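Here the structure is laid out as structure tokens; the discussion comes afterwards.
As the structure is a computational prediction, the values presented were derived from the model and not from experiment.
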Amino acid sequence: MRLLLVEDDPKLGPQLQKDLQNRGYAVDLTASGEEAEFMGAEVPYGIIILDLGLPDRSGIEVLKAWRRENMTVPVLILTARDSWQEKVEGFQAGADDYLAKPFHFEELVERLGALIRRASGLASRTLEAEGFVLDQDNQAVVLADGSSHVLTGTEYRLLHYLMLNPGKILSKTTLTEHVYEFDADKDSNVIEVYIRRLRRILPDGLIRTLRGQGYIFGGGGR
């Protein structure tokens, strides 16, 4: 899952980026409201964390601009201020959730997961398909026989995104945009390599190829 982190605190921003990357997110970080508004409109993020107290443009203004453009990506607001009036203003601007600083990182992770599940129409915290479960805490695949296969960061993000979009045709370009950060090597042909790796682990037929179109996650032949 690709995430936009908008945070101008020079210590908190990079630390959150690192911690979220360790939890399987591809994280783009910016400290600028103006840059965030552009990035959010141009990149298909799965979720956004938005600080309100930005130096050049307020987070509320950025959020309103996104919603005027009919952006439906879930947005979790961070702020050092915890007044109920500001919370109401944030929700009225289009926020999906709100977390006041200081906060526990584990709570942030759980709130992000809940927003992503809600946006994907999922009720359960557990992602599973026929024959396996995706262990999100350990970034591993657990098969029906109980065996566990730890995934690389890219493998985990790719499989997580496929499982959130079952039955949809996903092109290599789409997968690349959701799996890699801005500064990563975005050769879409590498996606084929990771698909092959996942197929060696997963039950047969769960990831199908549509020649010239992309991939579908779900039952059936390859």
Side-chain angles (χ1 to χ4, degrees), residues 1-7 13-32 34-51 62 66 69 71-76 105 108-109 112-113 115-117 119-120 127 129 134-141 149-202 206-217:
M1 178 66 67
R2 192 169 178 185
L3 180 153
L4 174 60
L5 173 60
V6 189
E7 173 58 66
Q15 185 60 54
L16 268 183
Q17 182 182 36
K18 180 180 178 181
D19 291 343
L20 288 166
Q21 287 170 334
N22 289 337
R23 289 303 184 98
Y25 291 95
V27 184
D28 295 326
L29 171 64
T30 181
S32 164
E34 291 185 359
E35 185 174 54
E37 182 179 333
F38 172 78
M39 293 168 69
E42 294 297 318
V43 179
Y45 290 105
I47 194 163
I48 295 174
I49 300 174
L50 175 64
D51 183 29
V62 173
W66 285 337
E69 295 298 320
M71 283 177 51
T72 60
V73 58
V75 176
L76 184 148
F105 178 69
L108 173 63
V109 169
L112 291 174
L115 289 176
I116 291 169
R117 290 193 299 274
S120 301
L127 278 179
L134 182 63
D135 180 348
Q136 299 182 68
D137 293 328
N138 296 303
Q139 297 181 35
V141 167
H149 301 263
V150 177
L151 304 175
T152 68
T154 302
E155 289 169 350
Y156 173 77
R157 291 193 297 272
L158 178 57
L159 180 55
H160 186 253
Y161 188 72
L162 287 168
M163 294 182 73
L164 288 176
N165 295 275
K168 298 180 182 178
I169 300 175
L170 302 172
S171 68
K172 287 193 292 184
T173 298
T174 296
L175 293 173
T176 299
E177 289 175 341
H178 283 87
V179 167
Y180 294 110
E181 299 158 349
F182 266 130
D183 56 355
D185 179 6
K186 296 181 181 179
D187 181 359
S188 63
N189 291 324
V190 177
I191 292 294
E192 297 177 4
V193 176
Y194 287 106
I195 291 290
R196 286 198 295 271
R197 291 183 184 178
L198 291 175
R199 282 174 169 163
R200 295 191 191 110
I201 298 171
L202 302 178
L206 280 181
I207 304 177
R208 291 178 286 151
T209 300
L210 272 71
R211 193 170 303 278
Q213 298 182 66
Y215 303 95
I216 293 181
F217 181 83

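- Considering CE of Met1 and CG of Leu20, their distance stands at 12.5 Å, rounded to 0.5 Å.
- Side-chain N or O atoms of Glu35 include none that pairs as donor or acceptor with a backbone N or O of Val6 at under 3.5 Å.
- By the 4.5 Å heavy-atom criterion applied to side chains, Leu76 and Leu112 are counted as neighbours.
- Looking at every heavy atom in both residues, Lys168 comes nearest to Asn165 through NZ-OD1, 3.1 Å.
- By the 6.0 Å contact criterion, CZ on Phe38 is open, its count of non-hydrogen atoms from other residues, nucleotides or ligands being 12 or less.
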Quiz item: Would Tyr194 and Thr152 count as a side-chain contact (heavy atoms from CB on, under 4.5 Å) if you check the C-alpha gap in whole Å, the side-chain angles of each, and the deciding distance to 0.1 Å?
Solution: CA-CA 10 Å; Tyr194 287 106; Thr152 68; 4.1 Å; yes

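- Here Glu155 contributes atom CD and Leu198 contributes atom CG; the two are 5.5 Å apart, rounded to the nearest 0.5 Å.
- Across all non-hydrogen atoms, the minimal contact from Ser120 to Leu164 is OG-CD2, 3.7 Å.
- Leu162 is listed as a side-chain neighbour of Leu175, based on a closest heavy-atom distance under 4.5 Å.
- Counting only heavy atoms from C-beta outward, the side chains of Leu5 and Tyr25 never approach each other to under 4.5 Å.
- Among all heavy-atom pairs drawn from Val27 and Gln17, the shortest one is O-NE2, 3.1 Å.
- The distance from atom CD1 of Ile191 to atom OG1 of Thr176, rounded to the nearest 0.5 Å, is 4.0 Å.
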Practice problem: Could you walk me through whether Arg197 and Thr154 pass the side chain to side chain donor-acceptor pair (under 3.5 Å) test, one step at a time? | Solution: CA-CA 11 Å; Arg197 291 183 184 178; Thr154 302; over 6 Å; no

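- Note: Arg2 CZ to Tyr180 OH = 11.5 Å, rounded to the nearest 0.5 Å.
- In this structure the side chain of Ile116 never reaches within 4.5 angstrom of the side chain of Pro74, judged on heavy atoms.
- Residues Tyr161 and Thr174 have side chains in contact (heavy-atom distance under 4.5 Å, counting atoms from C-beta outward).
- Within the 4.5 Å cutoff, no side-chain heavy atoms of Leu170 are placed close to those of Phe217.
- Closest of all the heavy-atom pairs between Thr30 and Ala36 is CG2-CB, 3.9 Å.
- Here the closest heavy-atom approach between residue Asp137 and residue Asp135 is recorded as N-OD1, 3.1 Å.
- Looking at Leu127, Leu134, Ile201 one by one, the single match for side chain to side chain contact (heavy atoms under 4.5 Å, CB included) with Leu159 turns out to be Leu134.
- Atoms CZ and OG1, on Arg199 and Thr209 in that order, are 3.5 Å from each other to the nearest 0.5 Å.
- Side chains of Tyr215 and Glu192 form a contact here, defined as non-hydrogen atoms less than 4.5 Å apart.
- Nearest heavy-atom pair across Gly40 and Met71 is O-CE, 3.1 Å.
- Between Val43 and Leu4 there is no side-chain heavy-atom pair separated by less than 4.5 Å.
- Note that the CD atom of Gln21 and the CG atom of Leu16 stand 11.0 Å from one another [nearest 0.5 Å].
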